[in-house]
Amino acid sequence: MPELPEVETSRRGVEPHLCNHKIIDIIVRNRQLRWPISPRLQKEALSSMVLAVRRRAKYLLIDTSQGCIILHLGMSGSLRMVDSQTPAEKHDHVDLVLSGGQSLRLRDPRRFGAVFWTKKDPLKHPRLCDLGKEPLEDDLTASWLFEQSRNRKRAIKSFIMDSKIIVGVGNIYACESLFIAGIHPDTAAGKLSLKRWDKLTHAIKTVLSKAIKQGGTTLKDFTRSDGQPGYFAQQLKVYGREGEPCKKCGKTLLKITRGQRSTFYCRQCQK
DNA sequence: CCCGATTCCTGTAGGC
DNA sequence: TGCCTACAGGAATCGG
C-alpha cells in the first residue's frame, strides 16, 4: 500500500534510470485504471526526454521535454525498471520504453492507480491543486496543525489522513504515528492541545523519514524498483499486530474499525 | 462547510 | 478439494 515513503522510495529508485533518457515507446495494455488513461499520453509524450522525477504527495511527476506524466500507485501499484524485452505479466498495464534498453513498468493488480498526462504545470492539475502540506517540509508545523484543527470534531486519525490537510499519511503510518505520540485514534482533532500536536507532528515526520530510510514498508504488493522489498515492516509497532504485546507496556494490542479502516492501537499507551 | 459512508478493484485468506 | 465470503485501502463522491 504505497504511502509517502513507498512513493519516495520508488522515485529514488527510478530517477537515475529515467533522467536524460528518451521515451521511445509507450505501451498501454489496459487503460482502465482509476481513471482511463488518455490516448493523448501516447501521442504527445512519445519521443520526449525525461528531465526530472519529482514527488508531490503520493503522486510521481515525470517531467519531460513535452509535458508531465503523473503517476499514482493507488493501493497495489508498483514500479519496476526492467529490460525492455522482459515479457509483461498479467497486471503490467503500462510500459515507458526508454532509449538504452530499459523500460519503466507499472504493475497494479487492483487498478486503483492512475496515469495522467498534462502539458501544463502538473501542480495545477485538478487532482493535485487542492492537496495539503508535505509532512517532511519545514512549513508543516505543530502550530499550523493546531490552528487547522480547532473546532474540528472529527477523529484525529481521520484528520491526519486527510490529504487536504497533510499528504502522504495512509492507514499504516497514521496508526504508527498515533502510537508513537501516545494519542488514541478516536480523540477529537479539535481537542488536541498544542503540546500533543507537537508530539504528533514529530512522530509523523520521524516515522515517515525512518520508513524512507528502510525503503518503505512491504506488506504484500509493494516492491522497490529493483524488485527488492522495503524493510520498514520490521519496525511497525502496532500496524497488523493485534493480539500481540505492546512493545512499550506489554499489554495486548487492539484492532478496531474506524471509517471502514482497520485501526491498531494500545489501550494503555494511547489516551 | 463538515464529516461519515459508499464506491471502485482483485488477490488472498479463512470457513465450511 | 473447492467454493464462497470477507478483507485489504487511496481517494473521489455522495448524502445527511
Side-chain angles (χ1 to χ4, degrees), chain A residues 1-11 29-37 55-61 70-79 88-94 106-116 125-135 145 147-178 185-192 204 208 211 216-223 229-230 232-233 236 238-243 255-265:
Chain A
M1 299 124 205
E3 301 181 30
L4 188 150
E6 292 72 38
V7 178
E8 180 60 25
T9 297
S10 299
R11 190 195 70 75
R29 300 185 187 83
N30 185 352
R31 35 183 91 255
Q32 300 306 315
L33 302 186
R34 179 75 162 82
W35 287 275
I37 299 173
R55 179 188 60 75
R56 168 71 174 117
K58 297 174 190 170
Y59 292 90
L60 273 187
L61 312 178
I70 304 173
L71 300 179
H72 195 290
L73 298 177
M75 68 166 289
S76 60
S78 59
L79 294 171
E89 293 180 35
K90 191 176 177 187
H91 300 294
D92 294 339
H93 306 310
V94 179
L106 171 66
R107 173 175 299 183
D108 187 3
R110 272 163 263 189
R111 291 192 283 121
F112 277 22
V115 182
F116 304 113
H125 188 278
R127 300 272 75 80
L128 280 76
C129 63
D130 292 325
L131 290 170
K133 287 196 189 278
E134 287 288 336
L145 286 166
E147 277 171 39
Q148 292 297 310
S149 62
R150 290 311 89 181
N151 302 319
R152 297 289 201 100
K153 288 180 181 151
R154 67 196 295 203
I156 186 65
K157 179 175 182 239
S158 154
F159 188 83
I160 60 172
M161 288 176 70
D162 185 341
S163 62
K164 288 186 173 63
I165 314 282
I166 327 174
V167 299
V169 180
N171 201 34
I172 296 173
Y173 298 111
C175 291
E176 293 298 307
S177 303
L178 289 167
D186 286 340
T187 310
K191 296 282 184 196
L192 217 63
I204 291 170
L208 293 176
T217 300
T218 294
L219 294 178
K220 238 186 231 166
D221 302 290
F222 177 73
T223 60
F232 193 71
L236 295 176
V238 288
Y239 186 88
R241 298 194 62 239
E242 81 273 21
K255 173 177 162 177
I256 55 179
T257 298
R258 290 295 181 270
Q260 322 295 105
R261 294 290 174 266
S262 295
T263 301
F264 303 87
Y265 76 108

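Residue numbers begin at 1 in each chain, while the letters A, B, ... track the order of the sequences. Small disclaimer: the values here were computed from a predicted structure and weren't measured.
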Review point. So A:His125 and A:Phe116, would you call those rings parallel, tilted or perpendicular, with 30° and 60° as cut-offs?
Key: tilted
Check your understanding: Sub-3.5 Å donor-acceptor pair from the side chain of A:Ser76 to the main-chain atoms of A:Arg110, do we have one?
Key -> yes
Exercise for review: Nearest whole angstrom, please: distance from the P of C:dA11 to the CD1 of A:Ile172.
Suggested key: 13 Å
**Study point:** Nearest-nucleotide pick for A:Pro109, side chain only, options being C:dA8, B:dG11, C:dA12
**Key:** B:dG11
**Study point:** Rounded distance in Å - NZ (A:Lys164) to P (B:dG4)
**Key:** 14 Å
Point to revise | Phosphate-side-chain proximity, A:Lys90 and B:dG11, N/O vs OP1/OP2 below 4.0 Å | key: yes
Revision key, fill the gap. Ranking C:dA12, C:dG10, C:dA8 by distance to the side chain of A:Trp35, first place goes to C:dA12
Practice item. To the nearest Å, give me how far apart CD (A:Glu6) and P (C:dG10) are. Key: 10 Å
Check your understanding: For A:Lys255 and C:dA8, is the shortest distance between a side-chain N/O and OP1 or OP2 below 4.0 Å?
Key -> yes
Revision key, fill the gap. Between A:Arg111 and A:Ser158, whichever has its closest DNA chain B nucleotide further toward 5' is A:Ser158
Review point. Separation of A:Arg258 atom CZ from C:dC7 atom C1', in whole Å?
Key: 18 Å
Check your understanding: For DNA chain B, whose closest nucleotide is more 5', that of A:Arg261 or that of A:Arg152?
Key -> A:Arg152
Review point. Separation of A:Asp162 atom CG from C:dG10 atom C1', in whole Å?
Key: 12 Å
Exercise for review: Rounded to the nearest angstrom, tell me the gap between atom NZ in A:Lys157 and atom C1' in C:dG10.
Suggested key: 12 Å
Point to revise | Close side-chain approach of A:Glu176 to A:Leu236, heavy-atom, < 4.5 Å | key: yes
Check your understanding: Below 4.0 angstrom from OP1 or OP2 of B:dC3, is there any side-chain N or O of A:Lys153?
Key -> no
Study note, to complete from the structure: With the side chain defined as heavy atoms from C-beta on, A:Gln260 is closest, among C:dA12, C:dG10, B:dT6, to B:dT6
Study note, to complete from the structure: Taken to the nearest whole Å, NE2/A:His125 to P/C:dA11 is 14 Å
**Study point:** Any A:Ser163 side-chain N or O less than 4.0 Å from OP1/OP2 of C:dG10
**Key:** no
Practice item. Look at the side-chain N and O atoms of A:Arg127 and state whether any lies under 4.0 Å from the OP1 or OP2 oxygen of C:dA12. Key: yes
Exercise for review: Output the single nucleotide from C:dG10, C:dA12, C:dG9 whose closest atom is nearest the side chain of A:Tyr239.
Suggested key: C:dG9
Check your understanding: Should A:Arg258 and A:Asp186 count as an ion pair when the cut-off is N to O under 4.0 Å?
Key -> yes
Exercise for review: Check the pair A:Asn30 / A:Arg111 against side chain to side chain contact (heavy atoms under 4.5 Å, CB included), numbers first and verdict last.
Suggested key: CA-CA 10 Å; A:Asn30 185 352; A:Arg111 291 192 283 121; 3.5 Å; yes
Point to revise | Any A:His91 side-chain N or O less than 4.0 Å from OP1/OP2 of B:dT10 | key: no
Check your understanding: In whole angstrom, what separates A:Phe112's CZ from B:dC8's P?
Key -> 9 Å
